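Heads up: the structure comes next, in structure tokens.
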Amino acid sequence: MASNLSEARNQDVVRLAGSVDLEHSPDIRRTLLDAVAERVDIFVDLSEVTYIDSSGIACLVEALQIARNHGANLGLFAVSRQAMRVLELARLDMVFSIHDDLASALQAKP
Amino acid sequence: MASNLSEARNQDVVRLAGSVDLEHSPDIRRTLLDAVAERVDIFVDLSEVTYIDSSGIACLVEALQIARNHGANLGLFAVSRQAMRVLELARLDMVFSIHDDLASALQAKP
Amino acid sequence: MTGAWSVTKLTQEPTGGPIEPLLELRFPAQADRLKLVRGSIRAAARMCGFNDTAAQNIVLAVDEACQNIIVHGYQGREDGEIVLRLARRRDGIQVSLVDSAPLVDPATITPRALTDIRPGRLGSYFIREIMDSADYRPRPDGAGNLLEMFKRLDGTPWQAT
Amino acid sequence: MTGAWSVTKLTQEPTGGPIEPLLELRFPAQADRLKLVRGSIRAAARMCGFNDTAAQNIVLAVDEACQNIIVHGYQGREDGEIVLRLARRRDGIQVSLVDSAPLVDPATITPRALTDIRPGRLGSYFIREIMDSADYRPRPDGAGNLLEMFKRLDGTPWQAT
Ligand SMILES: Nc1ncnc2c1ncn2[C@@H]1O[C@H](COP(=O)(O)OP(=O)(O)O)[C@@H](O)[C@H]1O
Ligand SMILES: Nc1ncnc2c1ncn2[C@@H]1O[C@H](COP(=O)(O)OP(=O)(O)O)[C@@H](O)[C@H]1O
């Protein structure tokens with residue numbers, strides 16, 4: 001129920017937490033688009049996401065598209081059970097590269 | 001939010017779980033009163049209690065009184081944070097004997 | 001405290017600024033419905049700025065007030081309904097409960113004494129312990145009761161009147 | 001599926017036995033209110049017999065339908081209100097949403113195709129994926145829309161009409 005959302009930018013890692021929903025997606029979208037604007041690979045930590053809706057998924061998809069247009073990538077890691085359920089519902093679990101943790105995400109960098 | 005309540009009688013241990021509330025307290029009262037009717041010391045496991053209200057507390061108090069009238073005791077152990085908060089609000093944390101786990105509860109038996 | 005604990009400064013002198021409606025819930029006065037509203041009360045309290053422990057206490061107080069309407073107000077009448085309104089004020093949360101039960105005499109609502117170790121009178125005790133005010137009065141149309149409760153954000157303790 | 005996905009067997013031929021009202025919620029059509037109702041939807045779905053994963057999916061579907069009313073129906077109008085009714089049927093959960101927004105043409109509600117990798121049209125896609133039916137029609141008084149959704153307990157997949 002808690003909607004506390006924290007985003008921490010640390011190099012190429014963005015951490016989303018709490019409810020990634022209509023209330024918070026405008027801020028989250030800004031954060032993600034700022035991150036991908038730098039044209040480096042971005043990894044998004046979804047471990048603390050307790051709720052995500054279509055507006056949250058849309059932010060991730062939009063950022064992924066921009067990253068790819070730059071020849072970069074946007075990967076997800078430590079995806080919470082709640083977030084994975086919704087990614088699977090959206091059939092986007094095969095579209096994003098999804099990693100267990102940051103270490104394997106960095107490993108997988110081409 | 002879940003209201004699944006399970007009570008397992010095992011010798012002198014009663015386990016309460018889920019919501020110990022107005023919906024479930026008639027059943028819980030029956031279980032506790034049956035237990036204390038046997039005139040032995042009873043230990044109640046509250047580790048899985050996610051919600052308890054006045055009707056749940058009332059069941060525990062009534063069973064405690066009957067146990068004491070028999071010269072027996074009713075102790076609580078592994079009290080969940082939610083249940084402890086309510087026992088403290090009711091100022092009953094000093095009335096019940098409260099133990100960390102079943103082993104220490106049995107140890108404390110006079 | 002002098003017998004009843006019904007009239008408080010809150011309703012006489014609302015000083016907390018504008019009241020912002022958050023959510024209204026309407027449900028049959030039955031014990032198995034209370035689990036459906038607890039999450040909303042908790043989330044509303046969080047939205048008003050309470051920490052999670054305080055929010056859980058507010059859930060308990062409101063739940064107890066609903067239970068009293070179910071058990072004492074409607075006395076098990078199957079067609080009873082409860083309306084629960086949650087509103088935000090700058091200085092706290094305001095919770096209103098409306099029923100269509102026979103009029104309550106607030107003087108009969110006597111919480112247990114602290115030293116009482118008996119099964120009853122815990123509900124009103126929790127309400128008084130947790131909330132800053134609880135004001136029972138008849139609905140304007142006389143067709144039931146209105147219970148107005150308020151909990152301040154700063155946690156100032158209960159003030160008897 | 002033929003264009004719109006609005007008319008289903010459910011409303012033409014209710015076969016699920018009596019409908020038992022569980023809870024009605026009424027709130028301003030604003031994004032920050034949705035967190036207040038999610039817990040109730042989840043608890044109601046559990047009460048109707050759904051497991052927790054199914055209940056969380058139902059929360060998502062109903063939340064998306066509310067979002068569409070907020071974003072597309074009221075288009076940010078501040079005085080809009082949403083009424084959400086949760087009811088139990090022997091064979092599942094029935095969820096109704098009432099608004100006072102301009103009438104919706106269900107034919108314009110076109111979920112994304114599975115292969116679409118674009119940010120939009122996910123809301124109606126989730127509703128269709130999760131629920132067994134979603135039936136949009138005008139309120140009897142014409143003053144807004146009524147969306148009637150149903151999810152069967154046995155999980156029979158979506159049936160286009
Ligand atoms: N909504 C109400 N309508 C009528 N009487 C009430 C109501 N709330 C409380 N009371 C009265 O106040 C008494 C104390 O209530 P409470 O402390 O909740 O304890 P209990 O429900 O265990 O009696 C009740 O026994 C009842 O007589
Ligand atoms: N309640 C509604 N009122 C008006 N139009 C709606 C409503 N719900 C859906 N729509 C229409 O259906 C389209 C698809 O909705 P949806 O799949 O939720 O995606 P999105 O909200 O991202 O556009 C919307 O763009 C809108 O045109």
Side-chain angles (χ1 to χ4, degrees), chain A residues 1-5 17-33 36 44 46 49-69 73-76 79-98, chain D residues 27-43 50-74 76 82 109 111-131 151 155 157-158:
Chain A
M1 212 84 47
S3 64
N4 58 314
L5 152 83
S19 292
V20 182
D21 62 358
L22 188 65
E23 182 179 358
H24 302 101
S25 54
D27 289 344
I28 291 168
R29 179 171 179 272
R30 204 41 28 246
T31 304
L32 287 172
L33 296 196
V36 293
V44 186
L46 296 181
V49 171
T50 54
Y51 187 79
I52 186 165
D53 67 8
S54 65
S55 73
I57 297 283
C59 295
L60 293 172
V61 171
E62 187 180 0
L64 173 72
Q65 288 173 319
I66 293 172
R68 286 190 179 165
N69 287 347
N73 193 16
L74 179 140
L76 312 177
V79 179
S80 69
R81 216 167 33 82
Q82 323 294 331
M84 188 55 97
R85 186 175 47 77
V86 180
L87 284 166
E88 284 170 358
L89 264 176
R91 308 280 200 280
L92 290 169
D93 51 321
M94 294 304 169
V95 171
F96 288 97
S97 37
I98 297 181
Chain D
F27 53 97
Q30 292 165 21
D32 66 355
R33 294 312 202 278
L34 295 175
K35 59 178 175 290
L36 303 180
V37 306
R38 288 178 198 141
S40 295
I41 302 165
R42 185 164 167 185
F50 293 94
N51 69 27
D52 203 49
T53 302
Q56 289 184 60
N57 284 343
I58 292 167
V59 170
L60 180 65
V62 179
D63 191 320
E64 296 291 348
C66 293
Q67 290 186 37
N68 279 345
I69 294 173
I70 295 172
V71 175
H72 303 297
Y74 288 115
I82 297 177
I109 305 179
R112 85 190 235 275
L114 235 171
T115 49
D116 255 14
I117 304 178
R118 286 181 308 180
R121 307 208 169 264
L122 261 165
S124 56
Y125 173 86
F126 282 139
I127 297 170
R128 198 190 53 184
E129 275 298 289
I130 293 166
M131 304 306 277
K151 171 75 175 171
W158 175 269

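Please read these numbers as outputs of a predicted model, since none were measured by experiment. Order of the sequence lines sets the chain letters (A, B, ...), proteins ahead of strands, with each chain counted from 1.
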Counting only heavy atoms closer than 4.5 Å, note whether D:Val71 contacts chain A via side chain, backbone, both or neither.
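Just the side chain, heavy atoms under 4.5 Å.
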Quick one: what part of D:Arg112 sits under 4.5 Å from any heavy atom of chain A, side chain, backbone, both or neither?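 The side chain, not the backbone.
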Give, for atom [atom1] of [X] and atom [atom2] of [Y], the distance between the pair rounded to the nearest 0.5 Å.
X       : Y       : atom1 : atom2 : answer
D:Gln67 : A:Leu22 : CD    : CG    : 4.5 Å
A:Arg81 : D:Gln56 : CZ    : CD    : 6.0 Å
A:Thr50 : D:Lys35 : OG1   : NZ    : 12.0 Å
D:Asp32 : A:His24 : CG    : NE2   : 8.5 Å

Step by step, would you call D:Asn57 with A:Arg85 a side chain to side chain contact (heavy atoms under 4.5 Å, CB included)? CA-CA 9 Å; D:Asn57 284 343; A:Arg85 186 175 47 77; 2.4 Å; yes
Item to check | Non-hydrogen atoms of A:Ile52 and D:Leu60 that approach each other most closely | outcome: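 Closest approach of A:Ile52 to D:Leu60, heavy atoms only: O-CD1, 3.7 Å.
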**side-chain hydrogen bond (donor to acceptor under 3.5 Å, both in side chains) partners for D:Glu64, two or more places apart** =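 For D:Glu64, the residues satisfying side-chain hydrogen bond (donor to acceptor under 3.5 Å, both in side chains) (neighbours in sequence not counted) are A:Ser54.
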Among all residues two or more places apart in sequence or in another chain, which pass the side-chain hydrogen bond (donor to acceptor under 3.5 Å, both in side chains) test with A:Asn73?
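Expected list: A:Ser97.
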| request: Would you sort out whether A:Asp53 and D:Phe126 count as a side chain to side chain contact (heavy atoms under 4.5 Å, CB included), showing the intermediate values? | output: CA-CA 9 Å; A:Asp53 67 8; D:Phe126 282 139; over 6 Å; no
* Asked: With respect to chain D, which residue among A:Gln82, A:Glu62, A:Arg91 yields the maximal number of heavy-atom pairs within a distance under 4.5 Å?
  ->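 With the most close heavy-atom pairs to chain D, the winner is A:Arg91.
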Most heavy-atom pairs under 4.5 Å with chain D, out of A:Leu60, A:Leu92, A:Val61, belong to A:Val61
If one checks every heavy atom of A:Gln65 against chain D at 4.5 Å, the contacting part turns out to be side chain
